[in-house]
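Notes for the one structure printed next.
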Amino acid sequence: MTATIIDGKARAARLRQEVAAGVAALKTARGITPGIAVILVGDDPASQVYVRNKNNACKEAGINSFEIVKPATITQAELLSEIKRLNVDARVHGILVQLPLPAQIDPEAVINAIDPAKDVDGFHVVNAGKLAIGKPGFVPCTPAGCLLLLKEQLGNLSGKHAVIVGRSNIVGKPMAQLLLMESCTVTICHSRTEFLVQETRRGDILVAAIGKPEFVKGHWIKPGATVIDVGINRRAAPAGDDGDSARSNESAKTKAPSGTLVGDVDTAAASEFAKFITPVPGGVGPMTIACLLRNTLQAACAIKGVAFPLA
Ligand code: NAP
């Protein structure tokens, strides 16, 4: 079997157009322009690229993007007071703090200082709790994007066995909640899972969110399964490569760190077993940004008491 590639880039482009239309309608009808504040602490090159890509995507969708850059030496108290300021800034409907943060800052304290109504990343404990009990709130962008791809490819997910490798708060756990809400039977695997391959081979749907390059091998996949590769791992560039290869990445218009991107799945080998598979790059990554735009429009609508125009 040679798997069909799930084109995340094309799906994300459609979602971005839908968001842009929603933003334009909100401006025309109510004079409201959604705005997001993106806080970048320090000068990690990969984070800089992610933040610029997010800002560019916001601008293209007509969303105001306020980029706030802070030195790596910022104290937690200073960062918290910045968030406090943004929580009451009427131009700002969404607040995103780019992770990781420097060691002196507790990311949980920072995330939970964001007004849950502006928590467009969906990481705040209030939004995580809402997702856990099936109430509307902000859903983390990466698993939300994965779910959109799965539903578009497979339609009704009810009764399917979904296996997720990874149990992080930002990908694995919310992915499990979302698939459970779709009435999948969900197995969550992690670094202590015994007989991992036996588990992954049971998945009609396999989501890999591990952070290890090409970790999932072909024979780990149930024949005919749908594979969602969340991983983004940078492989060192061969000597002499100035980073051009990495600029084939999702939407990098700025100079990216050098190296090529690979996922958590050995795509070529997995394609021999899977029916559908997401590529890296061009799969989940573009969906993450598109869902961030969607969440920002959702935040602006909710704060202003306007019906959210998207499905
Ligand atoms: P994370 O917080 O490091 O979590 C990794 C998970 O993988 C953990 O639950 C860990 O288990 C599990 N794991 C590690 N080694 C394992 C092993 N040998 N066998 C089974 N499970 C193992 O990572 P994350 O933030 O969820 O991100 C995962 C990947 O997705 C990374 O490559 C990241 O760059 C990528 N990512 C992509 C996007 C996107 O937009 N495409 C967004 C976010 C993240 P334990 O809990 O037991 O340690």
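Counting convention: from 1, in listed order, for ligands and their atoms alike.
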Are the side chain of [X] and the backbone N or O of [Y] linked by a donor-acceptor pair below 3.5 Å?
{"X": "Asn64", "Y": "Arg91", "value": "no"}
{"X": "His124", "Y": "Asn112", "value": "yes"}
{"X": "His93", "Y": "Gly35", "value": "yes"}
{"X": "Asp229", "Y": "Thr278", "value": "no"}
{"X": "Glu108", "Y": "Val125", "value": "no"}

Work out which heavy atom in Leu150 is nearest to a heavy atom in Leu157; give both atom names and the distance.
->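 Taking every non-hydrogen atom into account, O-CD2, 4.0 Å.
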
What are the two closest heavy atoms between Glu18 and Leu310, and how far apart are they?
-> O-CD2, 3.7 Å

Heavy-atom nearest neighbour of atom 31 (C) of ligand 1 within options Gly263, Pro213, Ala209, Gly211 | Gly211

Would you mind finding which of Ser168, Pro174, Ser191, Gly283 brings a heavy atom closest to atom 4 (O) of ligand 1?
-> Ser168

Does ligand 1 have an atom under 4.0 Å from some heavy atom of Gly285?
->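 Contact check Gly285 vs ligand 1: positive.
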
Is the shortest distance from a heavy atom of Val165 to ligand 1 less than 4.0 Å?
-> yes

Proximal atoms of ligand 1 relative to [X] (non-hydrogen, under 4.0 Å):
{"X": "Leu196", "value": "19 (N), 20 (C)"}
{"X": "Val284", "value": "41 (N)"}
{"X": "Phe215", "value": "17 (C), 18 (N), 19 (N)"}
{"X": "Ile170", "value": "25 (O)"}
{"X": "Asn233", "value": "32 (O)"}

Hey, is Lys151 close enough to Glu182 for a salt bridge, meaning N to O under 4.0 Å?
->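 Salt bridge present between Lys151 and Glu182.
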
For ligand 1, is any non-hydrogen atom under 4.0 Å from [X]'s backbone (N, CA, C, O), its side chain (CB onward), both, or neither?
{"X": "Lys212", "answer": "side chain"}
{"X": "Thr288", "answer": "side chain"}
{"X": "Thr142", "answer": "side chain"}

Within the structure, does Gly166 bring an N/O atom to less than 3.5 angstrom of an N/O atom in ligand 1?
->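 No, there is no polar N/O contact under 3.5 Å.
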
